[in-house]
Each structure stands twice: as structure tokens, then as C-alpha cells.
Amino acid sequence: MLVHSVGLFLTGLLLGMLVATAGLVATEPLYALPSAWVPAGSLLGSALLGAVMALRWQKALTVISTAVFGGAVLTLCLDYAVENLALGRHIYERLRLKTLCACLPSQVLSVHWQQGSPSSRGPSSVKEATLKSYIQS
């Protein structure tokens, strides 16, 4: 019984997240979100709503959830074949939560790069070049 309920809960979570993702991507041209918390809140809220609804209406929401998930997978597969994941990258950029400030290791590393020791001589290894490109992005 527990495994059955957990499976239904996860199916509802998936349905809610897919619906919220579609909604966020569809409203992007019409409305600019003021904060990064809006996508996080809408994803979490609709995922929990879908999970609770899946526990209540088991058969209907299982069918709807698997159909929506299959459609999303098919869409991304076709996008990969035709446009080399242009839609997938667009959705990823739309849902990516950018932090307002860099974390402490990033700040320490950026101070190290600004000191001039590696940047004045050039990167001494592939790791430093990769790290520098990661910090700059």
C-alpha cells in the first residue's frame, strides 16, 4: 500500500511540474517575472497540488500524467533531432534559478583571479582555464 501511494504521489509531482513548466514557458513572452522565486514557487506549488490530486483521483490523473510525460519526452526527442535541443536549452534557461549573490567559494576564487597571479601569466593548466571560464559565466 505504501509503495502504491508513493508511486501515485510521484506521478502527481511529475504532472504538476510539467504543467508549471509549460505555463512558465508559455507566459514568458507576455510577462517578465520580477524574481527568481516565482518559478520556484509555481513549480513547487503545482507539483504538490498535482501530487495531492493524484492521490485523490488515481486512475484519471495517472493516465493524464503519463500522457503529458510521453508528450514532453516526444517533443524533446523531436527537438533534439531537428534543432539540436534548442527548445530544451530555452526551457532550461527559463527555469534556471540564478542566485543573487555568488557563494563563498566563487567569491574566494574570483578574488584569487583578480590578484593577478594566474591571469597575468596565463592559465598554467586546463583546470585553471576551465575554472576561469566557469567563474566568468
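Keep in mind that this is a model prediction, so the values were computed, not measured.
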| task | Quick one: pull up CG in Leu44 and CG in Leu13 and give me the separation to the nearest 0.5 Å. | result |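 Going from CG on Leu44 over to CG on Leu13, the span is 9.0 Å.
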According to a hydrophobic-cluster definition based on side-chain heavy atoms being under 4.5 Å apart (Ile, Leu, Val, Met, Phe, Trp, Tyr only), do [X] and [Y] belong together?
X: Val73; Y: Val19; answer: yes
X: Leu49; Y: Leu15; answer: yes
X: Leu85; Y: Leu78; answer: no
X: Leu55; Y: Leu48; answer: yes
X: Leu61; Y: Leu14; answer: yes

| said: Taking Pro39's backbone N and O only, do any of them form a donor-acceptor pair with Ser42's side chain (distance below 3.5 Å, no angle check)? | reply: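 Checking the backbone N and O of Pro39 against the side chain of Ser42, a donor-acceptor pair under 3.5 Å is found.
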Using every non-hydrogen atom in the two residues, find where [X] and [Y] come nearest and quote the distance to one decimal.
X: His4; Y: Gln58; value: NE2-OE1, 3.6 Å
X: Ala72; Y: Leu18; value: CB-CD2, 4.2 Å
X: Val25; Y: Ile91; value: CG2-CG1, 3.9 Å
X: Ser46; Y: Ala20; value: OG-CB, 2.9 Å

| request: Output, in order, the C-alpha distance, side-chain angles, deciding distance and verdict of side chain to side chain contact (heavy atoms under 4.5 Å, CB included) for Tyr80 and Leu76. | output: CA-CA 6 Å; Tyr80 177 73; Leu76 284 176; over 6 Å; no
